[in-house]
Amino acid sequence: MHPLRRWWHETAGGLPATFWYLWAGILINRAGAFAMLFLSLYLTDARGASEALAGMVVGAYGAGGAVGVLLGGVLTDRWGRRATLLVAHLTTAGLMVALALSTHLVLIAVLAALVGVVHSMPSPAFVAAIVDLVPEPRRSRAFNLQFWAFNLGMAVASLLAGVLAEASFLALFLVDAAATLATAGVIAWKVPETLHRRSAPPSGPAAPRRTRRPGLLTALTDRIFLTFVGLTFLLAVLSMQTSTIMPLAMRADGLGPSAYGVVVALGGALIVLGQLFVPRLIDRHRKHVVLAASTGLMALGFGALTVADELAVYLGAAVVWTIGSMLAAPPNAQINADLAPPELRGRYQSVFYLTFPAASFVAPTLGGVSLQYLGSAHWLIVGGLGLVAAAGHLLAGPPRERRVAGLHRSRAYGPTDRTPAEDRVPTV
């Protein structure tokens with residue numbers, strides 16, 4: 001086999017055709033999701049809001065996201081993956097049009113909070129559908145491609161957003177709504193329901209005694225899963241440094257917004273160009289070892305900012321922590337999928353995704369205080385958190401793997417959790 005063809009097969013081969021429609025939906029959705037990136041600027045420039053009020057409205061959007069990710073997880077398991085994705089995207093498109101046409105600041109704040117809810121709802125559904133469709137041996141490459149599509153879409157969104165915002169804020173919201181509708185169209189046209197609904201238990205005098213149905217509380221009391229979520233939260237706190245605290249540190253070092261843009265662009269370019277090569281690097285290694293190594297790299301990269309005072313140092317550190325985040329993405333998503341019972345995949349995903357809005361609150365809140373009073377020593381603390389997370393993965397990995405192995409054995413000898421979609425979609 002030709003080397004290029006072999007590489008492509010190892011990176012993206014053997015995945016169900018429906019996965020690629022989900023992948024396309026993620027790409028279109030992220031590439032068009034740029035209006036909220038400019039929400040604060042829209043409020044201050046176009047609607048005359050104060051900076052404080054604009055911050056409160058953006059905060060309402062973030063709070064809505066925390067609610068939406070939990071709601072999306074519950075609905076993903078109850079309504080199904082396809083139904084949740086369609087409702088979320090169609091509602092988002094309608095709210096975006098309403099935002100574009102609204103002038104009253106109170107109404108805009110309410111709409112922003114609602115957009116936060118529906119923007120976050122699809123995340124558990126997308127991942128649960130991927131787990132439903134893709135056999136376990138191929139999930140790592142599927143999640144790697146999902147991470148790549150997400151970041152490629154964000155890169156496109158960043159470029160388009162600036163152009164549209166210069167031309168018209170109205171166009172910014174309307175094009176976002178159109179991209180969201182396009183995603184809904186792809187899902188409605190090509191993505192079947194992948195949720196496997198179990199048959200109802202028998203009723204009557206001979207029916208077995210009812211037990212409490214598993215739900216969100218199951219995920220919130222799963223100690224092995226919550227340990228993993230806690231370690232992921234630490235990783236998210238590290239990742240949030242680039243968009244929250246690092247710009248302040250660069251300004252203190254006399255580096256302007258253009259320098260910050262170069263650092264962020266370098267990270268995005270590395271992910272877009274290099275993410276497809278990650279599976280060949282990590283597939284032969286145990287997941288907790290990969291996560292420990294990747295988190296350690298992130299700790300090293302951010303810790304190096306302790307001595308950063310020039311752009312070259314920031315760029316070198318960005319290369320290190322970006323490689324760490326690239327290596328972490330596939331095993332992080334796969335472990336989350338492995339730990340979730342089939343009937344609770346959406347709920348487990350929602351608890352997992354809560355780490356990101358939580359980190360987006362903690363990182364700037366505590367990080368700003370730390371940077372103000374500790375200066376460059378702040379980055380030693382950040383690096384120390386990364387090393388704690390790396391050690392945590394090494395300690396938590398073996399019992400987590402034993403739990404996953406036990407789940408696989410029980411599923412192998414028990415009822416199958418393959419979905420009808422798995423049986424009927426071709427692979428490409």
Problem - Main-chain N/O of Ala292 paired with Thr295 side-chain donor or acceptor, under 3.5 Å - result: no
Exercise for the section: For Thr84 and Leu75, indicate whether the former's side chain and the latter's backbone hold a donor-acceptor pair under 3.5 Å. Expected result: yes
Completion exercise
Note: Asn144 and Leu276 closest approach over all heavy atoms is ND2-CA, 4.0 Å
Practice task
For the pair Asp77 and Arg345, find out whether any cationic side-chain nitrogen is under 4.0 Å from an anionic carboxylate oxygen.
Solution key: no
Problem - Whether over 12 other heavy atoms sit under 6.0 Å from Phe361 CZ - result: no
Practice task
Taking the side chain as every heavy atom from C-beta outward, state whether Leu22 and Leu133 have any pair of such atoms under 4.5 Å apart.
Solution key: yes
Exercise for the section: On the 0 to 90° scale, with breaks at 30° and 60°, tag the Phe356-Phe352 ring pair as parallel, tilted or perpendicular. Expected result: perpendicular
Exercise for the section: Taking the side chain as every heavy atom from C-beta outward, state whether Asp132 and Pro342 have any atom pair closer than 4.5 Å. Expected result: no
Practice task
Spell out, as yes or no, whether a donor-acceptor pair under 3.5 Å connects the side chain of Glu193 to the backbone of Arg82.
Solution key: yes
Problem - Distance (rounded to the nearest 0.5 Å) between Leu226 CG and Thr221 OG1 - result: 7.5 Å
Handout entry: Donor-acceptor contact below 3.5 Å, side chain Trp23 vs main chain Leu145
Key = yes
Handout entry: Check: Leu85 main-chain N/O paired with His89 side-chain donor or acceptor under 3.5 Å
Key = yes
Exercise for the section: Given side-chain contact (heavy atoms from CB on, under 4.5 Å), test Tyr42 with Leu172 step by step and report yes or no. Expected result: CA-CA 10 Å; Tyr42 165 71; Leu172 194 72; 5.8 Å; no
Exercise for the section: Check the angle between the aromatic planes of Phe225 and Phe228 and answer parallel, tilted or perpendicular using the 30° and 60° thresholds. Expected result: tilted
Exercise for the section: Decide yes or no for Ser239 and Met298: does some side-chain heavy atom of the first lie under 4.5 Å from some side-chain heavy atom of the second? Expected result: yes
Problem - From CA spacing to verdict: side-chain contact (heavy atoms from CB on, under 4.5 Å), Glu136, Asp338 - result: CA-CA 8 Å; Glu136 195 278 332; Asp338 289 342; 4.1 Å; yes
Handout entry: Reported OG1-to-CG distance for the pair Thr322 and Leu270, which is rounded to 0.5 angstrom
Key = 5.5 Å
Handout entry: Expected output: side-chain Trp379 to main-chain Ala304 donor-acceptor under 3.5 Å
Key = no
Exercise for the section: With rounding to the nearest 0.5 Å, note down the distance linking CG in Leu101 to CG in Leu170. Expected result: 6.5 Å
Practice task
With rounding to the nearest 0.5 Å, note down the distance linking CZ in Phe169 to CG in Leu39.
Solution key: 10.0 Å
Problem - Residue pair Thr242, Trp321: steps toward the side-chain contact (heavy atoms from CB on, under 4.5 Å) verdict - result: CA-CA 10 Å; Thr242 57; Trp321 75 59; 3.5 Å; yes
Exercise for the section: Would you check if Gln275 and Asn151 make a side-chain contact, meaning some heavy-atom pair closer than 4.5 Å? Expected result: no
Problem - Closest heavy-atom pair and its distance - Gly25, Phe126 - result: C-CZ, 4.3 Å
Practice task
Grab the two heavy atoms, one from Ala333 and one from Phe143, that are nearest each other, plus how far apart they are.
Solution key: CB-CG, 3.4 Å
Handout entry: Any side-chain heavy-atom pair of Leu27 and Phe150 under 4.5 Å
Key = no
Exercise for the section: Hey, could you give me the CZ/CD1 distance between Arg400 and Ile224, rounded to the nearest 0.5 Å? Expected result: 9.0 Å
Completion exercise
Heavy-atom nearest pair, Ser350 first then Leu216, reads OG-CD1, 3.9 Å
Exercise for the section: Show your working on side-chain contact (heavy atoms from CB on, under 4.5 Å) between Ile335 and Leu291 and close with a plain yes or no. Expected result: CA-CA 10 Å; Ile335 290 170; Leu291 283 175; 3.5 Å; yes
Output side-chain donor-acceptor pairs under 3.5 Å for residues 178-190, partner residues at least two apart or in another chain, one line each.
from   : atom 1 : to     : atom 2 : distance (Å)
Thr180 : OG1    : Asp176 : O      : 2.9
Thr180 : OG1    : Asp176 : OD1    : 3.4
Thr183 : OG1    : Asn29  : N      : 3.4
Thr183 : OG1    : Ala179 : O      : 3.1

Fill in the blank from the handout: In short, Ala318 meets Val263 closest at the heavy-atom pair CB-CG1, 3.8 Å
Completion exercise
residues 58-74 vs salt bridge (charged side-chain N to carboxylate O under 4.0 Å, His left out), sequence neighbours excluded, gives none
Practice task
Please examine the side chains of His104 and Arg47, heavy atoms only from C-beta on, and report whether any two atoms are closer than 4.5 Å.
Solution key: no
Completion exercise
Hits for ring-ring contact (aromatic ring centres under 6.0 Å, His included) against His119, two or more places apart or cross-chain, chain-then-number order -> Tyr61
Exercise for the section: Would you mind listing every salt bridge (charged side-chain N to carboxylate O under 4.0 Å, His left out) that reaches into residues 214-229, with sequence neighbours excluded? Expected result: Asp222-Arg403
Problem - Within residues 285-300 or reaching into it, pairs that qualify as salt bridge (charged side-chain N to carboxylate O under 4.0 Å, His left out) - sequence neighbours excluded - result: Arg286-Glu401
Problem - Any residue meeting salt bridge (Lys or Arg N to Asp or Glu O under 4.0 Å) with Arg280, in chain and number order, not counting sequence neighbours - result: Glu10
Practice task
Supply the atom-to-atom distance Thr92 OG1 to Leu114 CG, rounded to the nearest 0.5 angstrom.
Solution key: 10.0 Å
Practice task
Measure from the side-chain N and O atoms of Ser370 to the backbone N and O of Gly367, and report whether any donor-acceptor pair falls under 3.5 Å.
Solution key: no
Problem - Any donor-acceptor N/O pair, Ser120 side chain to Gly65 backbone, under 3.5 Å - result: yes
Practice task
Report yes if the side chains of Leu174 and Val97 come closer than 4.5 Å at any heavy-atom pair, otherwise no.
Solution key: yes
Exercise for the section: Over all heavy atoms of both residues, which pair between Arg81 and Ala125 is shortest? Give the atoms and the distance, please. Expected result: CG-O, 3.7 Å
Handout entry: Leu43 vs Leu105 side-chain heavy atoms within contact, under 4.5 Å
Key = yes
